[in-house]
Amino acid sequence: MAGKKKIVIIGGVAGGATAAARLRRLSETDEIIMFERDEYISFANCGLPYYIGEVITDRQKLLVQTVEGMSQRFNLDIRNLSEVTAIDAQTKTVTVLDRRTNQTYTETFDKLIVSPGASPIWPNMPGMDLDHIFKVRNIPDTDAIYNFIAERQPKTAVVVGGGFIGIEMAEALVERGISVTVVDKSEHILRPFDYEMAAMLQNEMVAHGVTLKLETGVSAIEADAVILEDGAKVAADLVIMAIGVSPETKLAKMAGLELGETGAILVNDQLQTSHPDIYAVGDAIEVKHYITGRATKIPLAWPANRQGRLVADHINGRDIRYTGTLGTSVIKVFALTAAATGLTAELMEFQGIEYQAIHVHRGNHAGYYPGATDISIKLLFDPKTGKILGAQAVGQEGTEKRLDVLATAIKGGLTIEDLPELELSYAPPYSSAKDPVNIAGYVATNVFEGEKVVHWNEIDALAAEGAMLIDVRTAMEFSLGTIGNAVNMPVDELRELAQTITVAKETPLYIICQVGLRGHLAVSILTAAGFTNVSNLSGGYKTYSQVYKNRQNTSCNDGICKPETAGQPLGK
């Protein structure tokens with residue numbers, strides 16, 4: 001668009017503020033006005049739980065930019081405490097309520113960027129008017145929770161919702177010495193992770209004193225407790241509502257802008273709405289999933305920032321296209337780091353997408369260098385093409401690095417067969433000569449080329465049917481717990497012991513080891529001995545036991561479940 005433009009932005013924070021800064025860098029002449037209904041235009045909303053937990057102690061560090069600082073640096077007309085109440089797409093005007101004076105006025109625009117974000121869902125139930133119930137969206141919410149804890153010193157808290165904000169808030173409250181219960185209607189917390197990966201995080205939370213109430217919701221709130229849908233009463237001096245967010249679409253609907261099938265604002269590849277001079281970015285818009293191309297909502301900071309920049313580019317005549325969102329994310333759960341990208345197995349099963357999965361557990365750096373810990377990786381791929389469909393990783397130091405490599409591999413169009421070829425940095429304090437990402441590629445490629453695997457959620461049924469399970473760990477490992485009626489044949493003795501297996505050569509055999517590595521060797525040995533139907537337990541006993549480790553199951557201790565207690569998954 002030639003000549004001076006008047007660009008109006010509704011909403012700051014990630015999408016709007018990024019767009020404003022990029023617009024100015026691309027043009028010194030355009031008039032840029034940004035309206036923000038709240039006081040703060042650009043703050044670290046992802047950091048709010050860490051301030052409540054007193055990990056971040058300086059409140060000012062949450063403020064990424066102030067009105068004064070950003071106005072001066074980028075020559076912007078920023079009007080905070082100014083709420084846009086209507087958009088007239090035909091006359092290209094917005095109606096603005098100045099919340100300081102309660103006066104209303106209109107402002108024209110050549111181009112409009114809508115970045116209203118998403119609002120925390122606030123359920124309608126008895127007790128929602130009580131003063132100890134909070135949401136976590138902005139600085140005022142954070143101040144209210146922080147001050148409540150300081151003044152009222154609550155002993156018990158219930159966090160309603162097991163998503164990212166809910167889990168981060170649960171940890172923050174534990175750090176403040178508060179006894180916490182998390183309530184979620186799902187069968188596991190953190191839906192970007194599959195059941196067995198989330199189980200590790202649930203175990204970590206329980207180990208830090210958090211009580212998990214899954215597959216139930218809250219039906220009412222009282223002054224000192226919440227009432228669950230199953231009738232249980234849970235003590236709560238403080239309640240955090242974190243059951244999800246809903247895209248802010250009121251302005252768009254009033255303006256006649258089209259909404260997508262998910263209920264969020266519909267945009268094209270250039271992030272234009274159904275009106276070509278009105279753009280939308282951030283949590284309020286419907287995006288296409290990068291892998292499937294299907295419509296979805298992914299309210300994360302990276303997409304909002306990227307979209308804000310691209311809109312500014314398009315307004316200034318650049319040829320851009322937003323190619324979709326992978327949903328790459330990471331969360332700290334006490335001592336663990338959990339990261340995910342792409343599709344989950346649960347989602348692909350729901351959508352009817354064919355996939356294969358493998359699990360690996362590998363040290364984050366050389367085992368002989370002090371402090372090595374395992375990173376557990378789940379890799380999902382197309383069994384016909386080897387295309388990477390998703391990945392999840394749980395561990396400690398270096399976990400998010402590996403997940404980021406896998407997210408980059410997806411964006412780069414790499415397949416599982418390319419992962420062993422990745423030349424990743426290595427020194428004993430940081431990795432091994434074969435990085436966990438390389439190992440995931442090797443294991444996935446073995447399966448892609450025909451090696452059979454069985455998964456943690458299939459092995460119990462097979463055991464119950466009388467299938468032959470062979471545990472190739474040491475006798476000591478075997479004595480601490482195995483699966484079903486497995487027979488112990490240590491891998492170092494398997495070449496001789498294979499001669500004692502009297503079943504027909506085509507009989508299905510299922511191999512159990514600790515993480516899958518010895519199982520892979522056992523498959524080779526038994527195949528060479530003439531057995532034609534041998535499957536390895538993906539991720540070994542470690543993946544299996546992580547699911548069944550649950551403090552409520554008193555027969556499971558320190559990750560070891562005795563055979564008689566197997567088949568009772570975490571949260572069931």
Worked check of side chain to side chain contact (heavy atoms under 4.5 Å, CB included) between Phe134 and Asp141: CA-CA 7 Å; Phe134 300 91; Asp141 293 336; over 6 Å; no

Minimum heavy-atom distance Thr216-Val183, with the two atoms named: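 Shortest heavy-atom separation between Thr216 and Val183 comes out as O-CG1, 3.4 Å.
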
From CD (Gln307) to CH2 (Trp302), nearest 0.5 Å: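 The CH2 atom of Trp302 is 8.0 Å from CD of Gln307, to the nearest 0.5 Å.
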
Gap between atom CD1 of Ile243 and atom CD1 of Ile121 - 0.5 Å precision: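 Reported to 0.5 Å precision, the distance equals 5.5 Å.
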
Between CD on residue Gln392 and CG on residue Leu379, distance to nearest 0.5 Å: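 Reported to 0.5 Å precision, the distance equals 10.0 Å.
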
Within-4.5 Å side-chain heavy-atom neighbours: Leu419 and Ile439: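 SC-SC contact between Leu419 and Ile439 ruled out.
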
Qualifying residue, where the test is side chain to side chain contact (heavy atoms under 4.5 Å, CB included) with Val159 and the options are Thr181, Ile165, Asp184, Leu173: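 Looking at Thr181, Ile165, Asp184, Leu173, the match for Val159 under the side chain to side chain contact (heavy atoms under 4.5 Å, CB included) is Leu173.
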
Residues Asp237 and Lys155 bridged, charged N to O under 4.0 Å: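 Salt bridge: no.
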
Gap separating the CZ atom of Phe334 from the NZ atom of Lys332, nearest 0.5 angstrom: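 Nearest 0.5 Å value for the CZ-NZ distance: 7.5 Å.
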
Donor-acceptor pair between Glu196 and His359 side chains, under 3.5 angstrom: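 Per modelled atom types, Glu196 and His359 side chains form a pair under 3.5 Å.
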
Heavy-atom side-chain contact between Asp283 and Val245 under 4.5 Å: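 The answer is no; the side chains never approach within 4.5 Å.
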
Backbone of Glu175 reached by a side-chain donor or acceptor of Glu54 within 3.5 Å: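 No, Glu54 side chain to Glu175 backbone: no donor-acceptor pair under 3.5 Å.
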
Distance (rounded to the nearest 0.5 Å) between His188 NE2 and Leu190 CG: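 Atom-to-atom, His188:NE2 and Leu190:CG are 8.5 Å apart.
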
Ser431-Arg402 side chain donor-acceptor pair, cut-off 3.5 Å: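 A donor-acceptor contact under 3.5 Å links the two side chains.
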
Side-chain donor-acceptor contact under 3.5 Å, Thr337 with Glu400: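 Not at all, the side chains of Thr337 and Glu400 share no donor-acceptor pair under 3.5 Å.
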
Phe164 side chain near Cys46 side chain, heavy-atom distance below 4.5 Å: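 Heavy-atom side-chain distance check fails, nothing below 4.5 Å.
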
Side-chain donor or acceptor of Thr482 paired with backbone N/O of Phe478 under 3.5 Å: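 Absent.
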
Interatomic spacing from CD in Glu354 to CG in Leu389 - rounded to 0.5 Å: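 Here the rounded value is 10.0 Å.
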
Validation row: Lys401, Leu424 side chains within 4.5 angstrom (heavy atoms):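 Lys401 does not reach Leu424 side chain to side chain.
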
Expected output: side-chain Asp143 to main-chain Pro140 donor-acceptor under 3.5 Å: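 No; judged by distance alone, with no hydrogens or angles, the pair does not exist.
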
Over 12 non-hydrogen atoms of neighbours within 6.0 angstrom of OH in Tyr369: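 Result for OH/Tyr369: open.
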
For Tyr146 against Ile52, the heavy-atom pair lying closest together: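 In this case the closest contact between Tyr146 and Ile52 is CD1-CA, 4.1 Å.
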
Atom NZ of Lys411 with >12 non-hydrogen neighbours under 6.0 angstrom: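 Enclosed.
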
Parallel, tilted or perpendicular: ring planes of Tyr548 versus Tyr544, cut at 30 and 60 degrees: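 Tyr548 vs Tyr544 ring planes: tilted.
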
Worked verdict on Thr415 versus Thr385 for side chain to side chain contact (heavy atoms under 4.5 Å, CB included): CA-CA 8 Å; Thr415 71; Thr385 66; over 6 Å; no

Between Gln351 and His289, a side-chain donor and acceptor under 3.5 Å: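 No.
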
Closest non-hydrogen atom pair, Ala284 against Gly117: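 Between these two residues, the closest heavy atoms are CB-O, 3.5 Å.
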
Flag if over 12 foreign heavy atoms under 6.0 Å of NZ, Lys297: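 Enclosed.
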
For Met205 against Val182, the heavy-atom pair lying closest together: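 Nearest pair, atom of Met205 first, then Val182: CE-CG2, 4.2 Å.
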
Presence of salt bridge, Asp230 and Lys213, under 4.0 angstrom: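 So Lys213 does not pair with Asp230 through a salt bridge.
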
Side-chain donor or acceptor of Asn438 paired with backbone N/O of Leu422 under 3.5 Å: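 A pair under 3.5 Å: yes.
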
Side chains of Leu380 and Leu343 in contact at under 4.5 Å (non-hydrogen atoms):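 Counting from C-beta outward, Leu380 and Leu343 never come under 4.5 Å.
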
Chi angles and distances behind the side chain to side chain contact (heavy atoms under 4.5 Å, CB included) call for Val160, Val226: CA-CA 10 Å; Val160 186; Val226 301; 5.6 Å; no

Side chain to side chain, Val239 and His132, heavy atoms closer than 4.5 Å: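 A side-chain contact under 4.5 Å exists here.
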
Residue pair Glu397 / Thr373, side-chain heavy-atom distance below 4.5 Å: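 Not in contact.
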
Glu286 (side chain) donor-acceptor with Ala295 (main chain) under 3.5 angstrom: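 Side chain of Glu286 to backbone of Ala295, a donor-acceptor pair under 3.5 Å: no, none is there.
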
Donor-acceptor contact present, side-chain Thr262 to main-chain Thr296, <3.5 Å: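 Pair absent, no side-chain N/O of Thr262 close to backbone of Thr296.
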
Ring geometry between Phe448 and Phe381 (parallel below 30°, tilted from 30 to 60°, perpendicular above 60°):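 It falls in the perpendicular class, over 60°.
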
Those residues that, when tested against Tyr290, pass ring-ring contact (aromatic ring centres under 6.0 Å, His included) (two or more places apart):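 For Tyr290, no residue satisfies ring-ring contact (aromatic ring centres under 6.0 Å, His included) once neighbours in sequence are set aside.
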
N/O donor-acceptor pair under 3.5 Å between Asn305 side chain and Thr18 backbone: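 Such a contact is absent between Asn305 side chain and Thr18 backbone.
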
Trace of the side chain to side chain contact (heavy atoms under 4.5 Å, CB included) decision for Ile377 with Leu406: CA-CA 10 Å; Ile377 297 175; Leu406 292 168; 4.2 Å; yes

Thr543 and His361 side chains, donor-acceptor separation under 3.5 Å: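 A donor-acceptor contact under 3.5 Å links the two side chains.
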
Close side-chain approach of Glu477 to Tyr541, heavy-atom, < 4.5 Å: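 With C-beta onward as the side chain, the pair stays apart.
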
Distance-only side-chain donor-acceptor flag, Glu451 / His520, under 3.5 Å: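 Per modelled atom types, Glu451 and His520 side chains form a pair under 3.5 Å.
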
Check: Asn45 side chain, Asn138 main-chain N or O, donor-acceptor pair, under 3.5 Å: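 Absent.
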
Taking every non-hydrogen atom, the tightest pair across Pro428 and His365: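 Where Pro428 meets His365 most closely, the heavy atoms are O-CB, 3.1 Å.
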
N/O donor-acceptor pair under 3.5 Å between Asp374 side chain and Ser376 backbone: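 Answer holds: no.
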
Under-4.0 Å salt bridge between Lys378 and Asp194: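 Looking at Lys378 and Asp194, the cut-off is met.
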
Nearest heavy atoms of Cys513 and Val472, plus distance in Å: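 Heavy atoms of Cys513 and Val472 come nearest at CB-CG2, 3.6 Å.
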
Cationic N near anionic O, under 4.0 Å, Glu248 to Arg137: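 So Glu248 pairs with Arg137 through a salt bridge.
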
Partner residues of Tyr430 under the side chain to side chain contact (heavy atoms under 4.5 Å, CB included) criterion, sequence neighbours left out: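 With neighbours one apart ignored, the set is Ala427.
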
N/O donor-acceptor pair under 3.5 Å between Asn536 side chain and Tyr510 backbone: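 No, Asn536 side chain to Tyr510 backbone: no donor-acceptor pair under 3.5 Å.
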
